[in-house]
Q: 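Have a look at this one.
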Amino acid sequence: MADRLTLGIDVGTGSARAGLFDGAGRLAGHGAHPIHLWQDGERAEQSSADIWLAVCRATAGALEAAGAGAGDVAGIGIDATCSMAVVAEDGGSVTISQSGDPARDVIVWMDHRATDQARRINETDHPVLRYVGGRISPEMQTPKLLWLKEHLPGSYAGAGHFMDLPDWLTWRATGSTARSICTATCKWTYLAHEHRWDPSYFREIGLADLAQDPARIGTDIVTPGTPLGSGLSPEAAAELGLTPGTPVAASLIDAHAGGIGTLGAADGPGDVTRRMAYVFGTSACTMTSTQDPTFVPGVWGPYQSAMIPGLWLNEGGQSAAGAAIVQLLDLHPASGKARTGGQSLPDRLAGEAAALGDALTVAGPLTVVPDFNGNRSPHADPKARAVLAGLGARADHASLVALYAAGLLGLGYGLRQILEAQAQQGIVTEAIVISGGAGAHPFVRQTLADATGRPILLPETPEPVLLGSAMLGAVAAGVHADIPAAMRAMSRNAATLHPDAALSNAHAARFRRFAALQAASGL
C-alpha cells in the first residue's frame, strides 16, 4: 500500500472492533467480533481469553476489509472499557466470580457488586477522594479490589497483577506491565500530578498490602501513546496476523479514546478546552479538558494528562445510557412486536419519532428519569433509580414511540445537569462533540442539542473511538509527533447541529419537572 496504516483496537462491553486508518485519519478497513458477557443483577463478568480471541478476529477482519497485510501496519493503539482483569504471577487467569469459573477473570466496568465497599471508602473522606468528585464509584477499581479481598481472598492473594482492561490488552500484546496514566489516574486513584500513589489511602480503606508494595497495581505509569517494551511480541503477532516488533502504544479507556478522536478538529465552535466529548454507547461518558485543575462535585477528576497531555480532565457521564433506553423500552407491552428485521428498536423508533416532530411533541406528558443503574454524575449516587411519570392507559405502538422520546429527553437533561454543575465551577462548554453508536441517529443528536441548549458537532469519521486509538498507534510509530499533533491531523467535523431556539422555554420547563422528579426519588 502507498501509505502505512495505524491500527486502532477498541474493546467495548459487547464486542471488540478494529480499524485501520491512514495518517490523515481516513478509515481503510474495519472488523468486529462479539464478546460474551455473564450478567446477573448487579454482577457483570467476562473472560480475558474470550476478549483476546475477539480482538484477533476483529483485527483479521479489518486487514481483510482494507486489503492490507502485516507490513502495512506501522503502529497499534488500544482502548477498552475500564473493566478489571486479574492475572496470576505466571500470566494465567484468576477467577473473580463466586461461581468459581476460572474463565471469568474480568469484573466488567458496570458491575456494582462493590457498592458497600464504595460506601465505606467514601465514609473515610480521604483527601484522594477530592480527585473523583468527592465520592468514589463502585465502577472504579479500589472498591472492586476491596470486594475481591473480602469475598474471594484466595483470588486476591493469588493475583500477580490487577489490571485495567486496556492495560491488560497492551500487556497481552507486548509483555509490558506498564500502566497508562489514563487508567491508573481515572480508575485506580493514582495521583498523576504528583507522580505517585498515596499509601495512606490504601492503608485506611483496608488494602494495606498495596500501600507497602504497589507492584500489583503498577509502578511503571506512562503517558498514553508511549511505545511499550519491544513492541508486539512474537506470540501476539502470530495470533493477530501482524509483524513482531510493531510499535504498541500505552492505552486509553474507550471513552477517552473517543475524546481524543473527536475534540481536536479545527472546524466548528470552541477549541479543545471549550468542547465536551459525549461518548454515547451502553453508558455515556463526558470528557472536558481545562488548563488548570477544576473540582466539580459529583464529576470525576480533575485528572492531569489522563487524556490530552498537559491538560486536566473532568470526566462525568451516565452509568446507563443506550442500555437505559433498551431497558425502558422493554417495560412497554408493545416492544416485543415492534422488534422486526435487522434494525435495532431504538433506531427504528428514532426514525418514527423524527417523522412526528421534535422530542417534546412526541413525548407529550411523559417524563423519564433514566437512572436505572444509579446516577454517575453529577449526583454520584449508585443507588439512584429510574422514575416514569405521566403514564396513561395506552399500550399501543404510538405510546411506545412517545416513551422512547421521553427517555431520550431524560438522557439529554441528565447531560444538561453535568454541564450546569461544571459551569458553576467555571468550566465553559461552547459545543458538544458526539460519538458512539447510540448517538448516530439525527433525531438523537438534535434532541440532545435542544435539551442541553448547546450545538452538537458531528465528527467526519464513522468510527471516532477507533480513530482515537489509531492516533495512539500513530504517535507510538512516529507518524505524528504527539497526541495533540495527531488530533489536529487526523480529525475533522462534518457538520454542526444547533439547538432550536423556539423550544428553549419549553425545554427549561420540562427540565425543571425532570429535576423535581429526580429529587422526589431520593436524590
Q: Hey, can you pull the donor-acceptor pairs under 3.5 Å for the side chains in residues 465-474, sequence neighbours left out?
A:
residue : atom : partner : partner atom : Å
S469    : OG   : I9      : O            : 3.4
S469    : OG   : D79     : N            : 3.2
S469    : OG   : D79     : OD2          : 2.5

Q: Is it the case that the side chain of T174 and the backbone of T170 share a donor-acceptor pair, with hydrogens and angles ignored and the cut-off at 3.5 Å?
A: yes
Q: Report, one line per pair, each donor and acceptor closer than 3.5 Å where one atom sits in a side chain of residues 14-28; sequence neighbours left out.
A:
residue : atom : partner : partner atom : Å
R17     : NE   : D10     : OD2          : 3.2
R17     : NH1  : E463    : OE1          : 2.2
R17     : NH1  : E463    : OE2          : 3.2
R17     : NH2  : D10     : OD2          : 3.0
R17     : NH2  : E463    : OE1          : 3.4
D22     : OD1  : A24     : N            : 2.9
D22     : OD1  : G25     : N            : 3.1
D22     : OD1  : R26     : N            : 2.9
D22     : OD2  : R26     : NE           : 2.9
D22     : OD2  : R26     : NH2          : 3.2

Q: For Y190, give me all partners under ring-ring contact (aromatic ring centres under 6.0 Å, His included), at least two apart in sequence or on another chain.
A: W197
Q: Using ring-ring contact (aromatic ring centres under 6.0 Å, His included) as the criterion, list what pairs up with Y156, not counting sequence neighbours.
A: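 Only F162 meet the ring-ring contact (aromatic ring centres under 6.0 Å, His included) criterion with Y156.
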Q: List the residues meeting side-chain hydrogen bond (donor to acceptor under 3.5 Å, both in side chains) with W312, not counting sequence neighbours, and say none if there are none.
A: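 For W312, no residue satisfies side-chain hydrogen bond (donor to acceptor under 3.5 Å, both in side chains) once neighbours in sequence are set aside.
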Q: Give the intermediate values and the outcome of side-chain contact (heavy atoms from CB on, under 4.5 Å) for residues T142 and L146.
A: CA-CA 6 Å; T142 49; L146 187 57; over 6 Å; no
Q: Any side-chain heavy-atom pair from V94 and V87 closer than 4.5 angstrom?
A: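 Counting from C-beta outward, V94 and V87 never come under 4.5 Å.
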Q: Do the side-chain N and O atoms of S83 and T81 include a donor-acceptor pair separated by under 3.5 angstrom?
A: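 Indeed, the side chains of S83 and T81 share at least one donor-acceptor pair under 3.5 Å.
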Q: Could I get the full list of side chain to side chain contact (heavy atoms under 4.5 Å, CB included) partners for D90, not counting sequence neighbours?
A: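 Listed in chain order: A88.
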Q: Any donor-acceptor pair under 3.5 Å linking the side-chain atoms of H36 with those of Q46?
A: no
Q: Once side-chain hydrogen bond (donor to acceptor under 3.5 Å, both in side chains) is applied, what residue pairs with a partner in residues 471-492 remain, sequence neighbours excluded?
A: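 Counting only pairs at least two positions apart or across chains, the side-chain hydrogen bond (donor to acceptor under 3.5 Å, both in side chains) contacts touching residues 471-492 are E460-R492.
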Q: Okay, side chain of S377, backbone of G316: is any donor-acceptor separation there less than 3.5 Å?
A: no
Q: Sequence neighbours left out, cut at 3.5 Å: what donor-acceptor pairs do the side chains of residues 98-106 make with other protein atoms?
A:
residue : atom : partner : partner atom : Å
Q98     : OE1  : R43     : NH1          : 3.2
Q98     : OE1  : R43     : NH2          : 3.3
S99     : OG   : S97     : OG           : 2.7
S99     : OG   : D101    : N            : 3.2
D101    : OD1  : A103    : N            : 2.9
R104    : NH1  : E45     : OE1          : 3.0
D105    : OD1  : S48     : N            : 2.8
D105    : OD1  : S48     : OG           : 3.4
D105    : OD2  : S48     : OG           : 2.6

Q: Under the side-chain hydrogen bond (donor to acceptor under 3.5 Å, both in side chains) rule, collect the residues that match up with T13, sequence neighbours excluded.
A: W109
Q: Are W188 and D164 linked by a side-chain donor-acceptor pair shorter than 3.5 Å?
A: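 Yes, side-chain donor-acceptor contact under 3.5 Å.
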Q: Strictly distance-based, threshold 3.5 Å: is any side-chain N or O of R113 a donor or acceptor partner for the main-chain N or O of K144?
A: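 Not confirmed, R113 side chain does not pair with K144 backbone.
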Q: So, D72 side chain and G69 main chain: donor-acceptor pair closer than 3.5 Å or not?
A: yes
Q: Who are the side-chain hydrogen bond (donor to acceptor under 3.5 Å, both in side chains) partners of T59, not counting sequence neighbours?
A: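 None.
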Q: Output a table of donor-acceptor pairs, distance under 3.5 Å, between side-chain atoms of residues 242-260 and any protein atom two or more places apart or on a different chain; print 'none' if there are none.
A:
residue : atom : partner : partner atom : Å
T246    : OG1  : T243    : O            : 2.6
S251    : OG   : D167    : OD1          : 3.3
H256    : NE2  : E315    : OE1          : 3.2

Q: Under the side-chain hydrogen bond (donor to acceptor under 3.5 Å, both in side chains) test, which residues partner Y278, sequence neighbours left out?
A: Q318
